[in-house]
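Input: a single structure, listed below in structure tokens.
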Amino acid sequence: MEQTQAKRIVLGITGGIAAYKAAELARLLIKQGVEVQVAMTGAAGHFITATTMQALSGKPVLMNQWDDSSNGMAHINLSRAADAIVIAPATADFIAKLAHGLADDLLSALCLARNCPLLVAPAMNRQMWENAATQRNIAQLIADGVTILGPASGAQACGEEGMGRMVEAEELAAEIVAFLQSNKSLNGGSLSLALSPGERGQIQRMDGVKILITAGPTYEAIDAVRGITNRSSGKMGYAVAQAALELGAEVTLISGPTALNKPHGARGVDVTSAAEMFAAVKQQVAACDIFIGVAAVADYRVAQTSEQKIKRGDSNMTLELAPNPDILAYVASLKNPPFCVGFAAESENLREHAKAKRKAKKIPLLAANLAQQAIGADDNELILFDDAGEHVLPRSDKLSQARELLQHLAQLYRQGNKR
Ligand code: CTP
């Protein structure tokens, strides 16, 4: 299976209060294997220091067109080495400059001279965002093939409330990484992206394939305030959803309670208990081509829940548990089942249990890991089991694992390896 190559971006920071979020954005991108070269305008330096950005990115920050070491050609050279330029935050003033092709400082010259995609995350006061001039400029940028990320709505530094906040760093990082992995613009525009022609040939796309994913834990109520759940964070299921979106799939993500934001572009259905998850799956399954059960569904629920809070007593208390339906096995046994993928979290004898589980649930592909290593962790070690045998994926972060899994799945799905 092919590993995607490291991507390089130029992160341009302009002078707005949201510039402090650029530090976290750089950190998150680097964590996901993206090389970040920071370029700042003079105004950005009033909000965040070049020292901070240099320490985070591990590279000197470029601020001035006239003091670089590349014979005054930084504005040309930088974009040649980059897969994309990301301006975050982009002030109203900088957006106006981009829309009109001004090039009176290093960052704007760099954007004008670029030969790679440009992504812009606006950040400004609500009135500035709503102003007809800004809206005209944004429309112009979109028409020019620029991808606009956000802005978001909410409380603003000026005390007002409304559209104009920069999208949070975590969400921006996810969208940028998705953009770098995909070969189309997030706005559905016509930008060609960042993958070299070689890479484009190697990646198996899943454009238009409908994928239904369950993720996270379920919560089985005992009474009004207590319940039984497990330590699943939902990270793996959400990573699988993001990896599928990157390949162009249409994703529905049915999720138990997690603290995560749904990946951009996924249709989300929130549920609490296994029974609710089962009902949601039954409702959606007919429309899907592929079903991936990543959720850590509680195997049992409390037989008799109490609507009121149960009072403490002095004697032992016994909870009677009733088995929950096996959602994955149900889907796999449908008359015309989608292509089914299961996950297995095992605490011992991983290979034996995983093989037995794949057989028992009658599914073509099962991804197994050791529960004690995977639950809540940021990285993971997966072994894929299918008709051809087993495939060990080297330990890496969950998104990389999810991408590898999706490539394997795309291949099997394409071969019509259904049962
Ligand atoms: N699964 C499901 N519904 C359940 C239990 C599990 O859809 N009620 C799915 C999970 O989403 C996962 C796979 O089945 O894809 C295996 O889950 P796991 O909990 O490892 O297996 P169990 O069948 O519950 O077996 P056990 O807990 O005994 O290991």
Side-chain angles (χ1 to χ4, degrees), residues 211-221 227-241 243-244 251-258 269 271-285 288 290-303 321-334 337-377 380-386 390 393 398 401-402 405-406 408-409 412 419:
I211 304 187
L212 181 61
I213 299 168
T214 63
T218 65
Y219 174 92
E220 312 299 322
I228 299 172
T229 186
N230 59 62
R231 287 169 48 213
S232 164
S233 63
K235 284 178 192 162
M236 192 68 215
Y238 281 53
V240 168
V251 174
T252 302
L253 179 59
I254 300 178
S255 175
T258 75
V269 180
V271 297
T272 303
S273 64
E276 284 173 21
M277 187 172 274
F278 191 32
V281 167
K282 278 180 170 167
Q283 205 170 47
Q284 309 285 341
V285 73
C288 78
I290 294 175
F291 175 75
I292 311 179
V294 197
V297 185
D299 287 329
Y300 295 89
R301 67 182 180 279
V302 178
L321 302 179
N324 273 329
D326 186 328
I327 300 172
L328 177 59
Y330 164 84
V331 174
S333 66
L334 288 171
F339 189 98
C340 286
V341 183
F343 267 72
E346 305 296 343
S347 59
E348 57 174 358
N349 300 333
L350 183 129
R351 285 183 165 80
E352 272 167 57
H353 287 317
K355 284 179 190 164
K357 213 168 263 184
R358 188 174 92 89
K359 221 167 157 191
K361 301 201 188 210
K362 298 191 177 70
I363 51 174
L365 179 60
L366 183 115
N369 54 27
L370 281 175
Q372 53 273 45
Q373 285 181 11
I375 285 187
N380 200 5
E381 197 169 40
L382 278 183
I383 306 181
L384 309 183
F385 295 87
D386 61 19
E390 64 175 64
L393 306 185
K398 288 185 173 173
Q401 295 271 311
L405 167 69
L406 260 291
H408 193 84
L409 166 60
L412 292 185
R419 289 218 200 152

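We use all heavy atoms of the structure for the numbers below, so side chains are in, but hydrogens, waters and symmetry mates are not. Counting starts at 1 for both ligands and their atoms, following the listed order.
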With no hydrogens and no angle check, just 3.5 Å: does a side-chain donor-acceptor pair link [X] and [Y]?
X	Y	value
Y219	S273	no
D299	N324	no
Y238	S233	no

For [atom], what is the closest protein heavy atom, and at what distance to 0.1 Å?
atom	answer
atom 13 (C) of ligand 1	F343 O, 3.0 Å
atom 28 (O) of ligand 1	D299 OD2, 4.4 Å
atom 4 (C) of ligand 1	V297 CB, 3.5 Å

Hey, does [X] come in under 3.5 Å of ligand 1, counting only N/O atoms on both sides?
X	answer
A295	yes
I327	yes
T214	no
G342	no
G293	yes

Ligand 1 contact on L328 by region, counting heavy-atom pairs under 4.0 Å: both
Proximity to ligand 1 by part of K357, non-hydrogen separation under 4.0 Å: side chain
Should [X] be listed as contacting ligand 1, given a heavy-atom distance under 4.0 Å as the test?
X	result
A274	no
P325	yes
K361	yes

Distance (rounded to the nearest 0.5 Å) between E390 CD and L350 CG: 9.0 Å
Rounded distance (nearest 0.5 Å) linking atom CD of E276 with atom OG1 of T218: 9.5 Å
Ionic contact status for R351 with E346, cut-off 4.0 Å: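 So E346 does not pair with R351 through a salt bridge.
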CA sep, side-chain torsions, deciding dist, call: F343, L328, side-chain contact (heavy atoms from CB on, under 4.5 Å): CA-CA 10 Å; F343 267 72; L328 177 59; over 6 Å; no
Y330 ring center within less than 6.0 Å of F278 ring center: yes
Heavy-atom protein neighbour under 4.0 angstrom from atom 7 (O) of ligand 1: yes
Ligand-side contact atoms (ligand 1) for residue partner A345, heavy atom cut-off under 4.0 Å: 20 (O)
Distance filter under 4.0 Å to A344 heavy atoms, resulting ligand 1 atoms: 20 (O)
Main-chain N/O of A295 paired with T214 side-chain donor or acceptor, under 3.5 Å: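 Side chain of T214 to backbone of A295: a pair is present.
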Verdict with reasoning, I327 to M277, per side-chain contact (heavy atoms from CB on, under 4.5 Å): CA-CA 8 Å; I327 300 172; M277 187 172 274; 3.8 Å; yes
